[in-house]
Undergrad: 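Here it is: the structure, laid out below.
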Amino acid sequence: MPAGDSTRPGVSYVMPVLNEEHEIRAAVESLLVQDYEGPFEVILALGPSVDRTNEVVAEMSAADPRVRSIPNPVGSTPAGLNVAIRASVHPVTVRVDAHSVLPSDYTRIAVETLERSGADNVGGIMAAVGRTPFEKAVARAYGSRVGLGGTPHHVGGAEGPTDTAYLGVFLRHRLIEVGLFDEGVKRGQDWELNRRLRATGGTVWFTPRLVVTYRPRPSLRKLARQFVATGLWRGELARRFPKANTLRYLVPPAMVLGVALGLVLGLVGVVGLALGSPLGWATLALVVPGVYVVFVLAAAVLAARGDDLRTRAWFLVVLPSIHFGWGVGFVLGFLDLTKNITAQTGR
């Protein structure tokens, strides 16, 4: 087993893992075949999984001593990242998701970009790739401007400074300086950490040369849970840090409120017409949900063109599920209407 080039900075891959029996092996194997010449270690923070995840990790650790696991009894993503970072020994920290598969040149490009840009954190594109028609529809929504708003880490863009980055390749000492991940933030913790890096004079850098394969949630129920939780936390963070948010975060909640209000007023108008009431004018409000339906249909035709029929049919369900899950969650989070937001992890 090659020792690596000691002149290159060492790299620590940190990955929180919980109930990832079917994805964890591919994620870890993509780290072991990186073409980076420096020394590295893989640290897996194991939460209280109820499937065979821990057994699979034990098999990989026995086969390769560079793969080691540590307990993450809390089970949350930020807690797992923090225990793994504290246990790491190398100056560069590479955050990895158990749903992601890194291309073999990922680490080499990321470290080169860190050194060239002088940034504290470098990230790239989350390229969602599905295997079933449902997952392909989710992947199509992820990579489309009509799905997640067209942020660079979803659809690409020019290299340069950015607000946040997918996953992240960090200077470890800067993570320590800003206090690591906030364990009270169960989703959106990457955005919140990058906010602190920037607030303390650091730079977060996007490069389209980094492309990571991401596996979407495999079912509509899991997708809905993911986006409701994401929306809840985005609303919570928008309330905590109002000056650090951009207008694109307000589009889904505005759409949800507009469609809901349009339906309510429209039904009032329909009843008014039936009863001969002057409130019949309110039927005009049905234009708002009607426009959204046309938008989804047009998106299925344009954004999902080239996909097979089953994938395009699922896209008609997936797109509003993402929009409404995220939008409803945002409203609840922003108005602080959730009894226990820390329980909302999206798993």
Side-chain angles (χ1 to χ4, degrees), residues 1-17 23-45 56-57 59-70 80-81 83-127 129 153 156 159-162 165-177 180 190 193-194 197 202-215:
M1 202 173 292
D5 181 358
S6 60
T7 65
R8 303 297 295 141
V11 167
S12 298
Y13 299 100
V14 297
M15 184 192 305
V17 183
E23 307 292 350
I24 184 62
R25 191 178 295 277
V28 172
E29 288 176 349
S30 75
L31 308 180
L32 300 179
V33 297
Q34 292 289 298
D35 64 12
Y36 184 66
E37 296 181 350
F40 72 91
E41 61 180 346
V42 179
I43 306 176
L44 307 179
V56 175
V57 169
E59 293 170 4
M60 291 188 292
S61 296
D64 193 324
R66 295 172 299 182
V67 179
R68 61 190 177 102
S69 63
I70 56 176
L81 288 168
V83 297
I85 293 167
R86 292 189 185 102
S88 66
V89 299
H90 293 306
V92 176
T93 300
V94 180
R95 176 182 174 178
V96 190
D97 188 284
H99 276 252
S100 61
V101 177
L102 304 189
S104 60
D105 59 359
Y106 181 88
T107 307
R108 174 172 52 81
I109 292 174
V111 174
E112 289 173 357
T113 305
L114 270 178
E115 295 174 334
R116 171 172 51 82
S117 66
D120 301 311
N121 179 19
V122 169
I125 297 174
M126 184 186 82
V129 177
H153 64 272
E159 179 172 329
T162 187
Y166 176 57
L167 295 180
V169 178
F170 303 85
L171 297 178
R172 183 181 184 276
H173 76 274
R174 285 289 286 141
L175 290 174
I176 301 299
E177 286 174 7
L180 300 178
D190 49 353
L193 172 67
N194 286 318
L197 286 174
T203 300
V204 180
W205 193 266
F206 168 79
T207 175
R209 295 178 64 202
L210 293 179
V211 181
V212 182
T213 298
Y214 173 83
R215 299 299 185 190

Undergrad: Report the residues that fulfil salt bridge (charged side-chain N to carboxylate O under 4.0 Å, His left out) with Asp105, sequence neighbours left out, ordered by chain and then residue number.
TA: none
Undergrad: Rounded at 0.5 Å granularity, tell me how far CD in Glu112 sits from CD1 in Ile109.
TA: 7.0 Å
Undergrad: If you look at every heavy atom in Ala165 and Asn194, which pair is closest and at what distance?
TA: N-ND2, 3.6 Å
Undergrad: Only counting residues at least two apart or in another chain, list the ones meeting salt bridge (charged side-chain N to carboxylate O under 4.0 Å, His left out) with Arg25.
TA: Glu59
Undergrad: Knowing that exactly one of Leu81, Val42, Ile70, Val96 qualifies, which makes a side chain to side chain contact (heavy atoms under 4.5 Å, CB included) with Val14?
TA: Leu81
Undergrad: Counting only N and O atoms by type, is there a donor-acceptor contact under 3.5 Å from the side chain of Arg174 to the main-chain atoms of Leu197?
TA: yes
Undergrad: Compare every heavy atom of Thr203 with every heavy atom of Ala119, then report the nearest pair and how far apart it is.
TA: CB-O, 3.5 Å
Undergrad: My understanding is that only residues two or more places apart in sequence, or in another chain, count here; which of them pass side-chain contact (heavy atoms from CB on, under 4.5 Å) with Pro91?
TA: Pro9
Undergrad: Minimum heavy-atom separation for Gly124 and Tyr166, please, with both atom names.
TA: O-CB, 3.8 Å
Undergrad: Main chain of Arg215, side chain of Glu23: is a donor-acceptor contact present, judged purely on distance under 3.5 Å?
TA: no
Undergrad: With side-chain hydrogen bond (donor to acceptor under 3.5 Å, both in side chains) as the rule and sequence neighbours excluded, what pairs involving residues 84-98 come up?
TA: Ser88-Arg172
Undergrad: Applying salt bridge (charged side-chain N to carboxylate O under 4.0 Å, His left out), can you list everything that pairs with Arg209, at least two apart in sequence or on another chain?
TA: none
Undergrad: For residues Gly123 and Leu210, report the shortest heavy-atom separation together with the two atoms involved.
TA: C-CD1, 4.1 Å
Undergrad: I'd like to know whether Leu175 forms a side chain to side chain contact (heavy atoms under 4.5 Å, CB included) with Leu193, so could you lay out the CA-CA distance, the side-chain angles of the two residues, the decisive distance to 0.1 Å, and finally the verdict.
TA: CA-CA 8 Å; Leu175 290 174; Leu193 172 67; 3.5 Å; yes
Undergrad: Identify the two heavy atoms, one from Val83 and one from Ala45, that lie closest to each other, and give their separation to 0.1 Å.
TA: CG2-CB, 3.8 Å
Undergrad: Can you sort out the partners of Glu115 under salt bridge (charged side-chain N to carboxylate O under 4.0 Å, His left out), two or more places apart, ordered by chain and number?
TA: Arg8
Undergrad: Between OG1 of Thr107 and CG of Asp35, what distance do you get to the nearest 0.5 Å?
TA: 8.0 Å
Undergrad: Can you name the closest pair of heavy atoms from Trp205 and Pro161 and give their distance?
TA: CZ3-CD, 3.6 Å
